[in-house]
Amino acid sequence: MKKYDRLIFVSKGDTVAGPMAEAILQSKYLLDELQVASRGLIVLFPEPINPKAEAVLVSNGLTMKDHMSDPLVQEDFDDRTLMITFTEETREMLLGTFAPEREDLVRVLNQYVGVTTELKNPYGGSLADYGQCYKELETMINRLVVQLNEEELLC
């Protein structure tokens, strides 16, 4: 039996790292089907993906051009959904606001895959900063794919 049915990348605004991570993970091979999405903790109204983030995705053969930011809601939580944040601060905000009892299902990406440094937010930076963010995300998501596939084999 598979461990998770859904994985949600959670960031503050759902316009940069979340949609980039969603696109990268959707392009990878997982042993079992997994619904992948991204959500934001602070989404006052729908916004498209950041243009620099989209440019970097396109330069890597991916796109999220139709993505609109979406707020995280209580209905997103269940026993078969893994929530992944990009910083400990966002994880703590998420747990404090939505699910203090769900610590086991809310993880920080770098910690979950055994990387020592958190993802640096490129917001407001140069296109090169967004490119660096993509590279770091891709590295961590490659490790995430291995970990998710191993967890599926152990279930």
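Separating the CG atom in Leu137 from the CD atom in Glu22 is a distance of 12.0 Å, to the nearest 0.5 Å. How far CD of Glu92 is from OG1 of Thr85: 9.0 Å, rounded to the nearest 0.5 Å. A distance of 6.0 Å separates CG in Leu7 from CG in Leu144, rounded to the nearest 0.5 Å. With values rounded to the nearest 0.5 angstrom, Ile84 atom CD1 is found 8.0 Å from Leu25 atom CG. Annotation: the span from Leu94 atom CG to Glu89 atom CD amounts to 12.0 Å, rounded to 0.5 Å. Note that the CG atom of Asn110 and the OG1 atom of Thr139 stand 12.5 Å from one another [nearest 0.5 Å].
Residues satisfying the side chain to side chain donor-acceptor pair (under 3.5 Å) test with Thr81, not counting sequence neighbours, are Arg6, Asp78. Residues passing the ring pair (Phe, Tyr, Trp, His ring centres under 6.0 Å) test with Phe77, sequence neighbours excluded: Phe98. In this structure Gln111 satisfies the side-chain contact (heavy atoms from CB on, under 4.5 Å) test together with Glu88, Val108, sequence neighbours excluded. With sequence neighbours left out, Asp76 forms a side chain to side chain donor-acceptor pair (under 3.5 Å) with Arg39. Not counting sequence neighbours, Glu47 has no partner by the side chain to side chain donor-acceptor pair (under 3.5 Å) test. Under the rule for a salt bridge (Lys or Arg N to Asp or Glu O under 4.0 Å), Asp66 has no partner lying at least two apart in sequence or in another chain. Residues passing the side chain to side chain donor-acceptor pair (under 3.5 Å) test with Thr97: none are found, sequence neighbours excluded. Among residues two or more places apart in sequence or in another chain, the ring pair (Phe, Tyr, Trp, His ring centres under 6.0 Å) test is passed with Phe9 by Phe86.
In this structure, Ile42 and Met93 have side chains that are in contact, with non-hydrogen atoms separated by less than 4.5 Å.
By the rule that hydrophobic residues join a cluster once side-chain heavy atoms approach within less than 4.5 Å of another member, Tyr112 and Ile8 end up as members of separate clusters. No chain of hydrophobic side-chain contacts below 4.5 Å, direct or via other Ile, Leu, Val, Met, Phe, Trp or Tyr residues, connects Ile49 to Val43. Hydrophobic clustering, with ILVMFWY side chains joined whenever heavy atoms are under 4.5 angstrom apart, keeps Leu109 apart from Val10. Cluster annotation: Leu72 is not connected to Val16 through the hydrophobic network of ILVMFWY side chains, with a link wherever side-chain heavy atoms come within less than 4.5 Å. Cluster annotation: Ile141 is not connected to Val106 through the hydrophobic network of ILVMFWY side chains, with a link wherever side-chain heavy atoms come within less than 4.5 Å.
Residues Thr15 and Asn50 bring no donor and acceptor atom of their side chains to less than 3.5 Å of each other.
In terms of heavy atoms, Ser11 sits closest to Gly18 at OG-N, 4.1 Å. Smallest separation of non-hydrogen atoms from Ser69 and Asp14: CA-OD2, 3.3 Å. Taking both residues in full, the closest heavy atoms of Tyr130 and Met20 are given as O-CE, 3.9 Å, listed atom of the first, atom of the second, then distance. Taking all atoms of both residues into account, the shortest heavy-atom contact from Leu119 to Ala17 is CD2-CB, 3.8 Å. Minimum interatomic distance between Leu127 and Ala55 (heavy atoms only, all atoms of both residues): CD1-CB, 4.2 Å. Annotation for Thr63 and Ala23: closest pair O-CB, 4.5 Å, computed over non-hydrogen atoms.
Formation of a donor-acceptor pair under 3.5 Å by the Lys52 side chain with backbone atoms of Gly125 is found in this model.
Within the structure, ring pair (Phe, Tyr, Trp, His ring centres under 6.0 Å) contacts touching residues 13-59 (residues at least two apart or in different chains) do not occur. For the salt bridge (Lys or Arg N to Asp or Glu O under 4.0 Å) condition, the pairs that include at least one residue of residues 120-139, sequence neighbours left out, are Lys28-Glu138. Within the structure, salt bridge (Lys or Arg N to Asp or Glu O under 4.0 Å) pairs that include any residue of residues 97-117 comprise Asp79-Arg102, Arg91-Glu103 (at least two apart or interchain). Pairs engaging residues 51-74 under the ring pair (Phe, Tyr, Trp, His ring centres under 6.0 Å) rule: none recorded [sequence neighbours left out].
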